[in-house]
2 protein chains.
Amino acid sequence: MLDPVSRVRRFNRAVTSAVGALDTSFLGRGRPLGAARVLNAIGHGRSDVAEIRDYLGLDSGLMSRLLRSLEDEGLVETEAHQDDARRRVATLTRAGKREFAAYEALSNAQAEGLLTQHSQRDALLAAMDLIASALTRERVALDEMDPRCEEARYCLGEYYAELGRRFSQGFDVSLSRDPDAKDMRRPRGSFIVAMSDTLPIGCVGLKGTDHGYAEIKRLWVAPAARGLRLGRRLMDVAESAARELGITLLRLDTNSALAEAGQLYRSTGWREIPRFNDDPYPDLFFEKRL
Amino acid sequence: MLDPVSRVRRFNRAVTSAVGALDTSFLGRGRPLGAARVLNAIGHGRSDVAEIRDYLGLDSGLMSRLLRSLEDEGLVETEAHQDDARRRVATLTRAGKREFAAYEALSNAQAEGLLTQHSQRDALLAAMDLIASALTRERVALDEMDPRCEEARYCLGEYYAELGRRFSQGFDVSLSRDPDAKDMRRPRGSFIVAMSDTLPIGCVGLKGTDHGYAEIKRLWVAPAARGLRLGRRLMDVAESAARELGITLLRLDTNSALAEAGQLYRSTGWREIPRFNDDPYPDLFFEKRL
DNA sequence: CCATATATCTGACTAAAGTCAGATATCATG
DNA sequence: CATGATATCTGACTTTAGTCAGATATATGG
């Protein structure tokens, strides 16, 4: 009853019935689930028929028929792909958009219902983030992004907030040597964001120069995604990017209050070196030759 | 992308595919899901056919046919109910028990797989407990139990552990006035455990006397179940039990470090009174007339 | 242009799930 | 013991999902 496996299975049961309830509410719109899923996939921006088929794991015959039924309802239109007339592209009609909005409203209502009945929203959301990250760990995408895009700024905001909590003296970005966004974009450097589905859960910056030297900055993993070895994966990608850019020497600074980070660096070939800058926050310095 | 509703929906998507994977592994045993569900319901102790039908939400015709197919496979036997020959009672044959064990093994393997790929098991389990409690809040059962049963002892153990964490001087049960189990059982008192599915998530003791006076002891709500107003519900049940037992005066002691508890008492008609015992831990004392 | 590969569609099929209207046996009650 | 209620079963049916073998149209590389 109280062993870990039982607890996981209790969670499974609880969640299965909640998920089933959402499916049932979808059926309330008078359309089989298969067709509703295709409609929603299109609504969420998947227009290529092959892509939808792949995403939903459908047989081509079944997919074709489901699309036809949505067309008969006047919710979807298909046309040949611009570059390849064998492929088809599906779009929602005006009525289709309304219907999609109705499904969205159902999903949102279910999500809100879950949240409003709980007086500790933040704890509940944190728990959901943690579990979603654990369940989708295989599908985390490490994408190079502009350090000024929304996802990157979200990560940096969370990173600064965490430093504020973990440094006894707090953390003020303006006192730190904030890297110029230009230095963390090709061709000088890089900025990598780890995305789990639609949620950014980690980042790392490679702040380059034009003479084969770069620094690793802003390595952050969301609390919900810790324990998944994401820090290591981010560092691997950053190092690959550095190699691609012809960088031969990498350095980074960190603080001994961030114990996990120090451990990660030490176990992945970084060597501790003396202080190489006068930033007030770091007290540990590392270097790695590529 | 980062608003609460999106985070809940990301969680839903992650969990839906995990749940689907378990269903698929169940299909691997060569039996449609409907029949597998019935077999598992029986294995988990639901023998009454009507009860299974209700639990799985099946039509009586469908249920009948699924049972028949399990009988044909030699996994299940049915017989008339002892007290009411219209009802049928299903039991697993020896082969049925083996087959059920195989399904259990699949479920356990899935649960273990989830745990072992995560290096922060405890955090993951705590998150699962929290979410399972939130999702099943409507189905929490507040049952009167013997204070020495497994569930009660689990609650008390967690309660003591939490006091140890929250009191700056720690907590040692032997220094506290540990109520005799006899005083928390009918006819003198009562002990109530909140069960969410198979997991105890809260408790409260009513330590009675034989002269219309009782004390509330050991009010505890699992961290995972906080925010669901369970403390209030436990207190309501304890008060009802007290009324049934003819108790007219209730008292309790608590510690100001347990702020939520103090707030709960104040908002539900309890009145602060001077110290009425010499237990070293409490520093706040309340009374309520019924 | 030809051969081959690819994307979708169509027709013919099966399996699973679910619905519904009785039939049958048993129970509770006056 | 007659009556109506209840639990299950049976037969006849529908819907949904999924499979599979071609048919059709288009793309690609020689």
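Below, read A as the first sequence line, B as the second, and so on, with proteins coming before strands; counting in each chain starts at 1. All of these numbers come straight from a predicted model, not from anything done at the bench.
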Round to a whole Å and report the spacing from [atom1] of [X] to [atom2] of [N].
X     : N      : atom1 : atom2 : answer
B/R53 : C/dA17 : CZ    : C1'   : 16 Å
B/L67 : D/dC9  : CG    : C1'   : 11 Å
B/R87 : C/dA28 : CZ    : P     : 11 Å
A/L56 : D/dT16 : CG    : C1'   : 15 Å
A/L27 : C/dG18 : CG    : C1'   : 12 Å
A/E71 : C/dT8  : CD    : P     : 13 Å
A/E51 : C/dA7  : CD    : P     : 13 Å
B/D72 : D/dC9  : CG    : C1'   : 14 Å

If you take any heavy atom closer than 4.0 Å to DNA chain D, which residues from residues 30-47 of chain A end up in contact?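 Correct list: A/P32, A/L33, A/G34.
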Donor-acceptor pairs are to be reported for all side-chain atoms of residues 32-50 of chain B against protein atoms at under 3.5 Å, with residues two or more places apart or in another chain.
from: B/N40; atom 1: ND2; to: B/A36; atom 2: O; distance (Å): 2.8
from: B/H44; atom 1: NE2; to: B/E104; atom 2: OE2; distance (Å): 3.0
from: B/D48; atom 1: OD2; to: B/R87; atom 2: NH1; distance (Å): 3.4

Are the side chains of [X] and [Y] in touch, meaning some heavy atoms are under 4.5 Å apart?
X     : Y      : result
A/P4  : B/R121 : yes
B/R10 : A/M128 : no
A/R53 : A/S60  : yes

Determine all donor-acceptor pairs shorter than 3.5 Å in which one atom belongs to a side chain in residues 71-81 of chain A; sequence neighbours excluded.
from: A/E71; atom 1: OE1; to: A/R68; atom 2: NE; distance (Å): 3.1
from: A/E71; atom 1: OE2; to: A/T78; atom 2: N; distance (Å): 3.3
from: A/E71; atom 1: OE2; to: A/T78; atom 2: OG1; distance (Å): 2.6
from: A/E73; atom 1: OE1; to: A/R31; atom 2: NE; distance (Å): 2.7
from: A/E73; atom 1: OE2; to: A/R31; atom 2: NE; distance (Å): 3.2
from: A/E73; atom 1: OE2; to: A/R31; atom 2: NH2; distance (Å): 3.0
from: A/T78; atom 1: OG1; to: A/R88; atom 2: NH1; distance (Å): 3.0
from: A/H81; atom 1: ND1; to: A/D83; atom 2: N; distance (Å): 3.1

Name all residues meeting the side-chain hydrogen bond (donor to acceptor under 3.5 Å, both in side chains) criterion together with A/R186; count only those two or more places apart in sequence or in a different chain, and write none if there are none.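 Only A/E144, A/E244 meet the side-chain hydrogen bond (donor to acceptor under 3.5 Å, both in side chains) criterion with A/R186.
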Going by the rule side-chain hydrogen bond (donor to acceptor under 3.5 Å, both in side chains), which residues pair with B/R13 if we only count those two or more places apart in sequence or in a different chain?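 Testing B/R13 for side-chain hydrogen bond (donor to acceptor under 3.5 Å, both in side chains), a comparison that skips the adjacent residues, returns A/D197.
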Hey, what do you get for OH (B/Y154) to SG (B/C203), rounding to the nearest 0.5 Å?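 That separation rounds to 11.0 Å.
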Nearest-0.5 Å distance, CZ of residue A/R7 to CG of residue B/D129: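 Going from CZ on A/R7 over to CG on B/D129, the span is 4.0 Å.
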Treating primed atoms plus P, OP1 and OP2 as sugar-phosphate and everything else as base, which nucleotides of nucleotides 18-28 of chain D get B, S or - for protein heavy atoms under 4.0 Å? BBB-----BS-
A/R68 vs C/dT8: side-chain N/O to OP1/OP2 distance below 4.0 Å: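 Answer no for this pair, as no side-chain N or O of A/R68 is under 4.0 Å from OP1 or OP2.
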